[in-house]
Each structure stands twice: as C-alpha cells, then as structure tokens.
Amino acid sequence: MTKVTKNNQVVAGLDIGTTKVACVIGVRAPEGINIVGVGVAPNQGMRQGTVVNIETTVEAIKKAREEAELMSGFSLESVWLGIGGTHIESFDSSGMVAIFNKEVSEEDIHRVIEAAKAVAIPTDRQVLHVLPQDYKIDGQEGISDPIGMSGVRLETSVHIITANAAAVQNAVKCTEKAGLQVKGLVLQQLASALSVISEDEKDLGCCVVDVGGGTCDMITFAQGSVVHTAVIPVGGNNFTHDVAMGLRTTQTSAESLKKKYGCAVAEMVTTDESIEVEAVGGRKPRTIPRRELCEVLEARAEETLQLIRGEIAEADLTTKLGSGVILTGGGSLLPGMMEMGDFVFDVPVRRGVPDRVGGLTDVVRCSSFATAVGLVQFGLEQEKLKSKHKPVEIARPATDDHAISHFAKKIKDYFSSVF
Ligand SMILES: Nc1ncnc2c1ncn2[C@@H]1O[C@H](COP(=O)(O)OP(=O)(O)OP(=O)(O)O)[C@@H](O)[C@H]1O
Ligand SMILES: [Mg+2]
C-alpha cells in the first residue's frame with residue numbers, strides 16, 4: 001500500500017455517527033476531488049455525538065478504515081474528524097483592531113479574529129471554529145475580503161462554535177486507538193453543508209439540516225456566512241422507535257420496515273397495500289395496511305420538522321432563507337420527507353446529496369455520506385489555503401483555547417487600536 005501522510009493531495013474524512021462510522025478517502029484531481037475509497041461500519045458506541053462505548057467505537061472505526069484503505073489502495077495515517085451532537089454550542093462575537101501601515105494585511109486579519117475570539121470560554125469547552133461573517137473598515141460594512149484595502153480601523157463579527165471538551169477528547173481517543181492521527185476537527189453540519197450546497201445558495205441564505213440517527217444538526221448561512229447552528233435531539237432512531245412501539249415489533253424489524261415501506265406522508269401511499277409485521281414474544285406475524293406504518297412515521301416527521309422550523313423562527317432567520325431548507329443525512333432518505341418539508345416550511349425544500357465530487361460517485365452520492373465527503377472537501381480546501389490567510393479557524397485536538405491568554409490579547413489589541 002502507498003503511504004499517504006506526506007502527500008497533501010490525499011485526504012481522509014472520518015464521520016463517527018450514532019448509527020455508523022464512515023471513512024472516505026479523496027484525492028485532488030484537475031477537475032476537483034475524486035473519491036477513491038469508502039468504508040462504512042455500523043456503530044453502537046455513540047449516542048447523539050457522545051462516545052458511550054470506546055471499544056465498540058474503536059472497532060467500528062478500524063473496520064471502516066480498513067474497508068476504505070482496501071478500496072483505495074492507500075494506507076491512512078491521519079484523518080479530518082467530524083464533531084457533532086447535542087454538546088455543540090455557538091454564539092456571535094466581534095473584534096476591533098488598528099490597521100498597521102494603513103493597509104489591511106493577513107496579519108491584521110489574524111489579529112482582528114484573535115480579538116473577536118477573546119471571550120471567556122468555560123474550561124470544559126473547546127473552540128471548534130471561529131467563522132468570520134464580515135469585516136468593517138472605518139465603519140464601512142459588508143466587506144468580505146478586506147486584504148489590501150486602506151483604512152485605520154478593522155472590525156469583524158464572527159460566529160464561534162464550541163464543543164464539550166470531554167466529548168471531543170473521547171472522539172479523538174477512539175480515532176487514535178484505531179491507529180489514526182487527527183489532522184483537524186470539523187463541525188459535522190459544516191462538513192455536510194460543504195458537500196451538499198453551492199456558494200450561490202450560501203449567498204442567498206439557506207438552512208442545511210443533517211437528519212442523522214440520533215440528532216438533526218442544523219447550520220444556517222446568510223450572505224455567504226454561517227449565522228446560526230443548532231442541534232435538535234431527535235433523529236431517525238426516534239422514527240424507528242415509534243414504529244417499534246406503534247406496531248408492537250422489534251427495533252430491527254421496525255428499522256427494516258421503515259426503510260422498505262416507510263413514507264413520511266401517509267397519503268402518498270395507497271390504501272390497498274398491506275405489509276407483514278414481525279411480532280414479539282413468539283406471537284404470529286400480523287398483516288397490517290402499509291398506511292398504518294406511514295401514519296406513525298408521518299406524526300414523527302411532522303413533529304421533527306416543526307421543531308426545526310421553530311428553531312429557525314426563534315433565531316429570526318425565516319426571512320433570510322432565500323434558498324430554502326436542504327435536508328440531508330440518512331434520515332432524509334425516508335420517502336415523503338421533502339413533501340412533509342414543503343408542508344411545514346414556508347420556503348422551498350430539497351434533498352442534499354454530495355454531488356460535487358468525482359470518482360466513486362455511485363457509492364457516495366447518497367445523503368448518508370454528506371458529512372464524510374464534506375470532511376474530505378474541507379481537508380483538501382485547508383491544504384490549499386495553508387499558505388494563504390485562514391478564513392476558517394481549525395481546532396486541533398491538542399489546542400487549548402485558554403480564555404485568560406485571549407483576554408490578555410484582547411486588552412492588548414484594544415490599547416493598540418486606541419493609541
Ligand atoms: N432509506 C432510508 N429510509 C429511511 N430512513 C433511512 C434510510 N436510510 C437510512 N435511514 C435512517 O437514517 C438514520 C441514519 O442516518 P445517518 O447515517 O446520517 O446517521 P449517523 O450519521 O450515524 O447519526 P448522527 O448524525 O445522528 O450521529 C437511521 O435512523 C436510519 O434508519
Ligand atoms: Mg451523521
């Protein structure tokens with residue numbers, strides 16, 4: 001096998017999800033990115049973004065990694081790791097500095113972002129991303145790339161995303177135990193968005209919702225920047241659980257019934273179709289109308305999408321979604337989800353698939369791979385930007401964003417901007 005670590009043209013993404021671990025390997029190609037390896041393994045060791053069983057998770061990572069390595073012929077040493085789940089929090093912050101030499105340089109950009117980052121973060125939390133929204137020079141707003149512009153005062157507003165430090169450490173620990181180094185940590189829904197939406201959609205404003213097994217991870221863009229992130233603690237597993245309870249069957253059979261015959265809008269299914277439901281406790285299987293299954297799913301789908309709609313409304317973003325809502329993740333594969341979305345949201349809804357990559361497209365052009373493919377795209381983008389100024393702050397596992405040192409920096413920046 002070829003070693004890939006020294007080669008920044010080959011990048012791997014690792015998505016440790018509630019239901020599965022996905023490992024995707026991509027290489028830079030003249031026309032973009034080619035996916036050359038994909039590995040998937042079911043995972044029982046994760047719950048809503050938090051590791052609940054290290055051994056199970058490590059085994060799943062090893063399995064997914066081996067599969068991806070075998071398929072690609074590359075041997076992996078490091079990966080870009082997705083971080084998500086209910087422990088993610090985010091908020092806006094702003095910073096201001098004096099511009100050295102009256103012309104904005106990369107150094108000024110770094111300083112103003114550092115100034116915006118200088119907020120007290122509790123010690124049990126870790127900064128994942130500091131995402132600049134826009135820049136202001138001497139009060140003039142709406143500047144997206146200020147390098148080279150003249151002025152004396154540079155301001156920025158940023159969206160800061162933090163994660164529970166222990167949850168991050170455990171995900172990193174599992175990855176390392178599986179023999180892989182972590183190159184950088186990436187918010188899962190940021191990665192998903194990268195693989196399923198275009199720059200135009202970000203500019204017009206849209207909300208990407210990754211409907212996973214344990215959670216719905218949301219990220220909203222307006223005028224090209226991230227303005228909001230949120231996590232709804234409901235996912236595809238809740239749909240399956242409802243089916244198991246409603247039809248009195250096992251989780252396994254509920255999961256397969258959902259995937260085979262499920263639909264999020266009961267009316268889309270004809271009344272004369274019937275399905276066989278495995279019973280529990282040695283009872284005989286029953287035959288029920290397929291609609292009965294879909295009615296259970298419809299109630300859950302509507303409730304879940306209403307929770308998302310509520311989150312968008314609470315953040316006052318409803319009018320900013322010119323490009324509507326994009327549903328992705330495995331949970332979005334349930335037929336009828338888009339139709340239910342059209343009913344719940346006042347904006348257009350579409351399914352997001354990672355369709356801007358080449359190579360093994362028939363495998364990865366599926367919503368379940370949105371995060372893993374996005375991680376590859378993110379990683380390759382970062383390699384490319386290495387020499388340029390960094391628009392996105394990357395968290396490394398060893399990073400310790402110490403609030404006091406940032407606070408000291410903020411004071412320093414403040415005085416340097418005043419005098
Ligand atoms: N064809 C399908 N129809 C309906 N549901 C599906 C289908 N395929 C997958 N799912 C559901 O998608 C969910 C898994 O989605 P995904 O693979 O995106 O989750 P995950 O990344 O493991 O979880 P999370 O992102 O919450 O950590 C499961 O609940 C599964 O039942
Ligand atoms: Mg996921």
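Counting convention: from 1, in listed order, for ligands and their atoms alike.
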Is it the side chain, the backbone, both or neither of T371 that has a heavy atom closer than 4.0 Å to ligand 1? neither
Counting heavy atoms only, which part of M46 comes closer than 4.0 Å to ligand 1: side chain, backbone, both or neither? neither
D316 atom CG, over 12 foreign heavy atoms within 6.0 Å: no
Polar-atom distance check: [X] versus ligand 1, any N or O pair below 3.5 Å?
X: G212; answer: no
X: Q188; answer: no
X: K20; answer: yes
X: T215; answer: yes
X: K259; answer: no
X: P335; answer: no
X: K258; answer: yes
X: G329; answer: no

Closest protein heavy atom to [atom], given as residue, atom name and distance to 0.1 Å:
atom: atom 14 (C) of ligand 1; value: T19 OG1, 3.5 Å
atom: atom 19 (O) of ligand 1; value: G213 N, 3.1 Å
atom: atom 15 (O) of ligand 1; value: G330 CA, 3.2 Å

Give a yes/no verdict on whether any heavy atom in G331 is under 4.0 Å from an atom of ligand 1. yes
Among residues two or more places apart or on two chains, list those pairs meeting side chain to side chain donor-acceptor pair (under 3.5 Å) that have a residue in residues 235-244. T240-E255, T240-K258, H241-Q251, D242-R300
